[in-house]
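Just so we're clear, the structure is a prediction, and the values are computed from it rather than from any experiment.
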Amino acid sequence: MNKKDIVIVCALEQELNGKLDGILPDPREIIYTGVGKVNATGQLTERLHSSYLHYLPEMPKLVINYGTAGSRKLPIGELVDCTKFTQRDMDVTGLGFMKGQTPFEKEVPMVLDYDHVRFNPIGKKLRCGTGDNFVQTDKDIYSDVFDMEAYALAKVCHHYDIPFISFKYITDNADEHSAGDWVDNCSDGVREFKEKVLDLIEKD
């Protein structure tokens with residue numbers, strides 16, 4: 001794996017805080033999507049479809065998502081990898097579908113599984129539940145971590161057949177203190193992400 005072959009996707013600039021400036025040969029390959037599934041889908045689709053239609057820039061060999069997340073199972077301050085993704089706020093159980101299952105969607109699995117991605121220096125292979133809400137009280141027994149973009153990014157990569165992995169820095173415990181904890185901790189994980197993940201990828 002080479003740094004010229006990857007795209008890094010992050011929701012907000014304050015999560016990177018300028019610490020990755022110059023880390024990639026082309027700085028445009030760090031994409032800030034904004035918050036939520038719709039923004040994440042739009043921004044990554046635009047990048048990948050440009051390669052699909054025009055061949056420049058080239059299609060990446062790996063999309064890496066870095067961001068912050070909450071967890072009820074993991075301590076604040078831990079950097080983890082996520083390779084399985086669900087849409088935790090999709091609930092059409094009233095029509096007989098499973099929670100997290102998109103109705104009438106036959107070609108995309110309910111759980112997007114990227115366990116097979118070879119580049120994974122952390123190796124926990126956790127499950128990330130994505131939704132357009134900030135988790136503070138609701139329990140989700142199926143997810144190790146909670147975020148607001150990763151499932152959407154994983155689904156775009158599924159569509160374009162691009163390997164995908166997400167690295168999440170735990171900023172809060174998805175409880176009544178989450179908002180304040182996220183504000184305090186959202187910029188703290190990028191140095192660890194650089195050292196434990198990006199520094200292991202060759203530059204040339």
Shared ILVMFWY cluster between M90 and V108, side chains joined below 4.5 angstrom? no
Ignoring hydrogens and angles, tell me if any N or O in the side chain of N185 forms a donor-acceptor pair with the backbone of G180 under 3.5 Å. no
Does some side-chain heavy atom of V111 sit less than 4.5 Å from a side-chain heavy atom of R127? yes
Please walk me through it: do T41 and K155 pass side-chain contact (heavy atoms from CB on, under 4.5 Å)? CA-CA 8 Å; T41 299; K155 193 167 186 177; over 6 Å; no
Measuring from atom CD1 of I30 to atom SG of C10, what distance do you get when rounded to the nearest 0.5 angstrom? 9.0 Å
Can you give me the closest heavy-atom contact between S71 and L74, atom names plus distance? OG-N, 3.0 Å
CD1 of I122 to CG of D81, rounded to nearest 0.5 Å, is 5.5 Å
Has the side chain of K99 got a donor or acceptor atom that lies under 3.5 Å from a matching backbone atom of T93? no
Please find the pair of heavy atoms, one from T33 and one from A40, that lie closest to each other, and give the distance. CB-CA, 3.7 Å
Would a line drawn from the ring center of Y66 to the ring center of Y169 be shorter than 6.0 Å? no
Taking E149 for its side chain and G36 for its backbone only, find out whether a donor-acceptor pair lies under 3.5 Å. yes
Output yes when a side-chain donor or acceptor of T86 lies under 3.5 Å from a complementary backbone atom of R88, and no otherwise. no
Looking at NZ of K3 and CD1 of I8, how far apart are the two atoms once the value is rounded to the nearest 0.5 Å? 8.5 Å
Answer yes or no: is there a donor N or O on one side and an acceptor on the other, between the side chain of R72 and the main chain of A174, under 3.5 Å? yes
Given I170, which partner from the list L79, T68, V145 fulfils the side chain to side chain contact (heavy atoms under 4.5 Å, CB included) test? V145
Just jot down the salt bridge (charged side-chain N to carboxylate O under 4.0 Å, His left out) partners of E15, sequence neighbours excluded, or say none. none
Dump the intermediate steps for side-chain contact (heavy atoms from CB on, under 4.5 Å) on Y151 and L112, then the final yes or no. CA-CA 8 Å; Y151 172 85; L112 295 170; 3.6 Å; yes
Apply side-chain contact (heavy atoms from CB on, under 4.5 Å) to residues L12 and V35 and explain how you reach the verdict. CA-CA 7 Å; L12 298 169; V35 173; 3.8 Å; yes
salt_bridge(K37, D89) N-O dist < 4.0 Å: yes
About how many Å separate CZ of F134 and CG of D147, when rounded to the nearest 0.5 Å? 11.0 Å
Output for pair (D161 CG, Y52 OH), nearest 0.5 Å, gives 12.0 Å
Under a plain distance cut-off of 3.5 Å, with no hydrogens placed, do D181 and T171 share a side-chain donor-acceptor pair? no
Between T130 and A150, the two heavy atoms sitting closest are OG1-N, 3.5 Å
I'd like to know if the side chain of T83 pairs up with that of D115 as donor and acceptor (distance under 3.5 Å, no hydrogens or angles considered). yes
For K4 and E29, run salt bridge (charged side-chain N to carboxylate O under 4.0 Å, His left out): C-alpha distance rounded to whole Å, both residues' side-chain angles, the deciding distance at 0.1 Å, then the answer. CA-CA 9 Å; K4 68 180 177 56; E29 299 292 47; over 6 Å; no
Whether S187 side chain and Q14 backbone form a donor-acceptor pair below 3.5 Å: yes
Tell me, with the steps shown, if H159 and L48 meet side-chain contact (heavy atoms from CB on, under 4.5 Å). CA-CA 10 Å; H159 177 74; L48 297 184; over 6 Å; no
Once side chain to side chain donor-acceptor pair (under 3.5 Å) is applied, do any residues pair with H49, and if so which ones, sequence neighbours excluded? Y160
Is there a path of hydrophobic side-chain contacts, each under 4.5 Å between heavy atoms of I/L/V/M/F/W/Y residues, joining F119 to L20? yes
Side-chain donor or acceptor of K19 paired with backbone N/O of D188 under 3.5 Å: no
Are I31 and V197 connected in the hydrophobic side-chain network, where two residues link if heavy atoms are under 4.5 Å apart? yes
Nearest 0.5 angstrom please: N133 CG to F146 CZ, how far? 10.0 Å
Cluster link Y32 to L198, ILVMFWY, side chain under 4.5 Å: yes
Verify the cluster assignment for M1 and F167: are they in a single hydrophobic cluster under the rule of side-chain heavy atoms below 4.5 Å apart? yes
Name every donor-acceptor pair, under 3.5 Å, that has one atom in a side chain of residues 54-65 and the other anywhere in the protein, sequence neighbours excluded.
| residue | atom | partner | partner atom | Å |
| --- | --- | --- | --- | --- |
| N65 | OD1 | S166 | OG | 2.7 |
| N65 | OD1 | K168 | NZ | 3.0 |
| N65 | ND2 | V9 | O | 2.9 |

If you draw a 6.0 Å radius around CG in D26, do more than 12 non-hydrogen atoms from other residues or ligands fall strictly inside? yes
For K194, is there an ion pair with D199 - N to carboxylate O distance below 4.0 angstrom? yes
